[in-house]
Amino acid sequence: MSKVLANESSAKLNVKSKQRTVWSHIKKFKALYVMSLPGIFYFIIFKYVPMLGSIIAFKDYNIFLGFLGSTWVGFEHFITMFNNPDIFQIIKNTFIISFYDILFNFPAPIILALLLNEIRVVYFKRVIQTIVYMPHFLSWVIISGLFITILSPSTGIVNTLIEALGFDSVYFFGSEAFTRPILITSGMWQSIGWGTIIYLAALSGINPELYEAAKVDGANRWQQTVSITLPSLLPTITILFLLQIGQFMDFGFERIYTFLNPLNSGTGHIIDTYVYEIGLLNAQYSLTTAMGLFKSLIGLFLIMIANFLSKKATGNSLY
């Protein structure tokens with residue numbers, strides 16, 4: 001009996017000790033906690049509260065009855081979604097475009113950051129950085145307009161060069177074969193400069209003495225990159241890759257829709273454009289919410305798998 005009482009007393013003391021530690025930690029870093037409040041409120045108001053609306057995926061939503069008063073239909077909209085003959089082509093397009101986007105666009109900023117890091121003329125380096133950053137500030141409407149102009153079959157510079165070489169002009173936006181390459185290329189042009197910022201910051205944190213020691217040992221630039229630079233960048237690469245995996249199915253409506261037309265939509269129509277056409281244009285809110293919920297669950301599943309594998313393989317993970 002006395003042993004039990006002693007254990008209970010010890011447990012209470014441990015709880016009080018942990019509470020004191022938590023409060024002392026909060027008091028010590030109170031400035032950081034106060035600074036984080038706007039971000040916390042942003043996520044609560046604009047990310048978590050809207051998640052309550054996902055319930056209309058299981059209801060026959062009526063805007064006059066609201067999402068609480070609408071009729072409960074269970075998984076009916078999910079069944080309707082998978083009975084749509086076009087849905088598997090739409091999901092296939094989403095997977096293929098997202099896969100190519102990660103395959104080509106994720107390593108591009110890493111390569112550019114490594115190349116910029118090798119430039120020793122600071123002024124020239126700053127000019128290149130400014131040029132590659134600029135497309136990030138352009139909207140997708142402007143970017144699609146630029147690509148349509150450049151690839152125009154009559155006045156585009158690309159077809160002018162093709163004709164100068166003796167070949168027939170190509171209507172790039174009229175062929176489904178060019179839809180995905182155009183989407184991936186435009187995405188790379190828009191984001192590659194902005195993506196290098198984090199990697200250049202990580203490169204600036206590498207201890208220069210490591211490179212000096214490598215030089216003394218006779219290592220050339222390539223060997224220094226493989227043995228020092230890439231291993232130092234690996235934690236950053238891993239975290240950013242996991243974040244990218246979490247957005248695997250979330251390719252972005254405006255990035256796709258501005259490039260599509262009736263001639264090339266067969267290989268470019270994805271879940272986001274489908275949600276826009278069915279949900280907003282045809283007012284089928286419950287069906288498109290079911291589609292969005294399906295996309296979110298796939299993204300959650302992928303990031304959990306990737307996070308688990310990363311933790312096992314490299315020791316780096318999001319949580």
Side-chain angles (χ1 to χ4, degrees), residues 19 22-23 25-27 29-82 84 87 90-91 94-95 97-98 101-102 136-137 139-141 191 194 198 239-258 270-308 317-319:
Q19 288 176 346
V22 170
W23 280 114
H25 182 81
I26 293 174
K27 189 176 180 181
F29 299 103
K30 59 183 177 183
L32 294 177
Y33 284 108
V34 171
M35 290 171 64
S36 67
L37 287 178
I40 293 172
F41 287 137
Y42 167 80
F43 278 97
I44 291 175
I45 295 172
F46 295 104
K47 298 295 182 182
Y48 285 95
V49 173
M51 287 173 66
L52 298 174
S54 300
I55 195 173
I56 69 173
F58 304 96
K59 292 191 169 191
D60 192 9
Y61 180 66
N62 185 317
I63 58 174
F64 298 105
L65 298 176
F67 67 91
L68 293 178
S70 299
T71 307
W72 183 271
V73 294
F75 291 94
E76 181 180 319
H77 295 298
F78 291 90
I79 296 171
T80 303
M81 179 180 72
F82 285 107
N84 185 336
I87 193 64
I90 292 170
I91 293 175
T94 307
F95 269 93
I97 293 174
S98 298
D101 188 55
I102 287 182
H136 174 77
F137 301 100
S139 70
W140 281 108
V141 175
S191 62
W194 187 258
I198 296 176
I239 296 299
L240 292 180
F241 181 74
L242 291 174
L243 294 174
Q244 185 76 17
I245 287 292
Q247 299 176 347
F248 183 78
M249 300 284 284
D250 193 15
F251 199 75
F253 159 76
E254 68 278 7
R255 180 177 171 181
I256 297 290
Y257 198 73
T258 52
I270 64 171
I271 293 176
D272 292 321
T273 55
Y274 175 80
V275 168
Y276 169 74
E277 291 181 355
I278 301 300
L280 294 183
L281 300 184
N282 296 331
Q284 298 185 41
Y285 305 113
S286 295
L287 179 61
T288 51
T289 302
M291 195 73 188
L293 196 58
F294 167 76
K295 186 183 73 170
S296 300
L297 291 175
I298 294 292
L300 177 63
F301 176 75
L302 289 176
I303 196 171
M304 290 180 68
I305 294 293
N307 191 70
F308 174 78
S317 62
L318 292 175
Y319 53 88

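We count residues from 1, following the sequence as given. Keep in mind it's a predicted model, so treat the numbers as computed, not measured. The figures that follow rest on heavy atoms only: side chains count, while hydrogens, waters and symmetry mates do not.
A pairwise comparison of heavy atoms in T258 and W140 identifies OG1-O, 3.6 Å as the closest pair. The two atoms that bring I271 and K295 nearest to each other are CG2-CD, 4.0 Å, heavy atoms only. I45 and P50 make their closest contact through O-CD, 3.2 Å (heavy atoms, listed as atom of the first residue, atom of the second, distance). The nearest pair of heavy atoms linking S70 to N62 is OG-N, 3.0 Å. Across all non-hydrogen atoms, the minimal contact from V275 to T288 is O-CG2, 3.5 Å. Summarising the geometry of I87 relative to Y274, their closest heavy-atom pair is CD1-CE2, 4.4 Å, with the distance given to 0.1 Å.
Rounding to the nearest 0.5 angstrom, the gap separating the CG atom in L242 from the CD1 atom in I245 is 7.5 Å. Rounding to the nearest 0.5 Å gives a distance of 8.5 Å between CG of L32 and NE2 of H25. Note that the NZ atom of K59 and the CG atom of L65 stand 9.5 Å from one another [nearest 0.5 Å]. Between the CZ atom of F29 and the CE atom of M35 there is a distance of 13.5 Å, given to the nearest 0.5 Å. The CD1 atom of I97 lies 10.5 Å from the CZ atom of F248; values are rounded to the nearest 0.5 Å.
Looking at heavy atoms from C-beta onward, Q244 lies in side-chain contact with D101 at the 4.5 angstrom threshold. With contacts defined as side-chain heavy-atom distances shorter than 4.5 Å, the pair T80/N84 does not qualify. Proximity of I102 to F241: side-chain heavy atoms (C-beta onward) are separated by under 4.5 Å at one or more points. Between Y276 and I256, the closest side-chain pair of non-hydrogen atoms is not below 4.5 Å. Q284 places none of its side-chain heavy atoms less than 4.5 Å from the side chain of Y61.
Counting non-hydrogen atoms of neighbouring residues, nucleotides and ligands closer than 6.0 angstrom, the OH atom of Y33 exceeds 12 such neighbours. At most 12 heavy atoms of other shown residues, nucleotides or ligands fall within 6.0 angstrom of atom CD1 in I198. Heavy atoms of other residues, nucleotides or ligands lying less than 6.0 angstrom from CZ of F294 number more than 12.
Centroid-to-centroid, the aromatic rings of F58 and F78 come within less than 6.0 Å.
Salt-bridge annotation for D272 and R255: absent, with no side-chain N of the basic residue lying under 4.0 Å from a carboxylate O of the acidic one.
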Original post:
Could you go step by step and tell me if F41 and F46 meet the ring-ring contact (aromatic ring centres under 6.0 Å, His included) rule?
Top reply: CA-CA 8 Å; F41 287 137; F46 295 104; over 10 Å; no
Original post:
Given I56 and H77, is the side chain to side chain contact (heavy atoms under 4.5 Å, CB included) satisfied, shown in steps?
Top reply: CA-CA 10 Å; I56 69 173; H77 295 298; over 6 Å; no
